[in-house]
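Scroll down for the structure; my scribbles are underneath it.
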Protein chains: 2
Amino acid sequence: MADRPYHHGNLRAVLLDAAERTLREQGLDRLSLRELARQAGVSHAAPRRHFADRRALLDALADTGFARLGDRMRAAIEGAGPDVDAQLHAAATAYVRFAIDDGPLLDLMFANKNADEAAAPSEGALRLFTAVGDLIVRGQQAGALPPGDPERLRLLLVATLQGIATLVTSGRAPAEQTGALVEDAVALFTRRS
Amino acid sequence: MADRPYHHGNLRAVLLDAAERTLREQGLDRLSLRELARQAGVSHAAPRRHFADRRALLDALADTGFARLGDRMRAAIEGAGPDVDAQLHAAATAYVRFAIDDGPLLDLMFANKNADEAAAPSEGALRLFTAVGDLIVRGQQAGALPPGDPERLRLLLVATLQGIATLVTSGRAPAEQTGALVEDAVALFTRRS
DNA sequence: ACCTGAACACCGTTCAAGT
DNA sequence: ACCTGAACACCGTTCAAGT
């Protein structure tokens, strides 16, 4: 609105915010650096100072997505009371709800960008995975989850949730079956279907 | 190599073939209609006669992917002998192997293009889903899979396989754990982990 | 019926130059 | 240290015109 100082001062955060909104509302294809620069009121070359290229911005965006999903799952678990079954269900529901709210962002988070390189996982991804890992360990201690390598069980649980998210957001599973899918998945892991 | 007649005669199939190879070798970002036209030796506007736009070509490509994945899973099941556990394991392995061979294609198949519309599922997708559905029903009849709505179990199985594929191809799960993940998933469904 | 060539409106990326 | 403006090499899409 009002004209800005030459040095924006906040450009990196503004770009990420605009990118997140555009991704949610228009999808990845319509997300362009030039359009983000326009929305921020800077020249099309300005983002270069903060993100080496389009991919770097998308990577940063994916990392904020991991952090937010991890926070949401942690909050859901804490709000679910002491029962591990309920915690599992709450965490799974939070995951799938995130997918419905921010499908393209979740796609971005699991886009195969670093498959060739064993690059260090991002901070946000670590936060998500440890949130699920902690839940697994507590579930095993409480006897609500089968014993075995918690790392493997954690990967399988994340895979299941991610798969449900993909099926639902892609329309390959009917939207009204979302709840049933989550229930069935939790039942499968707690072995009381 | 030699110069072609004015009417290519085979352009649609040639474009799809080139697109599939480019997708596998270079990824979705590097797949452009103009480059495909160049490879086919036609003008950049020629593809328009066969695909309304880039998305239409990608949709057709996704459909061939579904058909091929369905065929591979069917073949894996048939080659696995009469034991339903072995059939499940073979089908799951075929799915994940497809993901490793053609990750970007699998991504495309589950990209959320038609999430807003209850469009008729493609022929290829139907073939894949019925292959899995048949396996589920047989498994339930043999007592190797838990009872209940086979449709729901089918969705959950596809979700689990797709989630494992996503984790592995994105590098979020270590590649050397792929086999263990598939084993654990099958064990979870057959309830003998 | 199928393809070409020019045109339009966009991109990402680079780089000298400005403040 | 951060941003601008011009430039380059690409896109997808459209449309009159060719065969």
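All chains are named by letter (A, B, ...) in the order of the sequence lines, taking the proteins before the strands, and each is independently numbered beginning at 1.
- Atom pair B:Arg12:CZ and C:dA1:C1' shows a separation of 16 Å (rounding to whole Å applied).
- In this model, the phosphate group of C:dC10 is not approached by any side-chain N or O of A:His44 to a distance below 4.0 Å at OP1 or OP2.
- To the nearest angstrom, P of C:dT13 lies 14 Å from CZ of A:Arg49.
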**Request:** Let me have DNA chain C in dot-bracket notation, would you? Count Watson-Crick plus G-U wobble pairs, both distances under 3.5 Å, and use [ ] for pairs crossing earlier ones and | for inter-strand partners.
**Result:** ||.|||||...|||||.||

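- B:Arg54 comes within contact range of the sugar-phosphate backbone alone, with a heavy-atom separation under 4.0 Å but no base atom that close.
- The nearest whole Å value for the distance from the CG atom in B:Asn10 to the C1' atom in C:dC2 is 14 Å.
- For DNA chain C, the neighbouring residues in residues 28-36 of chain A, judged by any heavy atom under 4.0 Å, are A:Ser32, A:Leu33, A:Arg34.
- The CG-C1' distance, from B:Leu15 to C:dC2, rounds to 13 Å in whole Å.
- Between B:Arg38 and the phosphate of D:dC11, there is a side-chain N or O to OP1/OP2 separation shorter than 4.0 Å.
- Not counting sequence neighbours, the partners of A:Thr22 by the side chain to side chain contact (heavy atoms under 4.5 Å, CB included) test are A:Gln26, A:Leu31, A:Leu36, A:Gln39.
- Here CD of A:Gln162 is found 10.5 Å from CG of A:Leu167. Values are rounded to the nearest 0.5 Å.
- The side-chain tip of A:Arg154 points at the ring of A:Phe129 from less than 6.0 angstrom away and within 45° of straight on.
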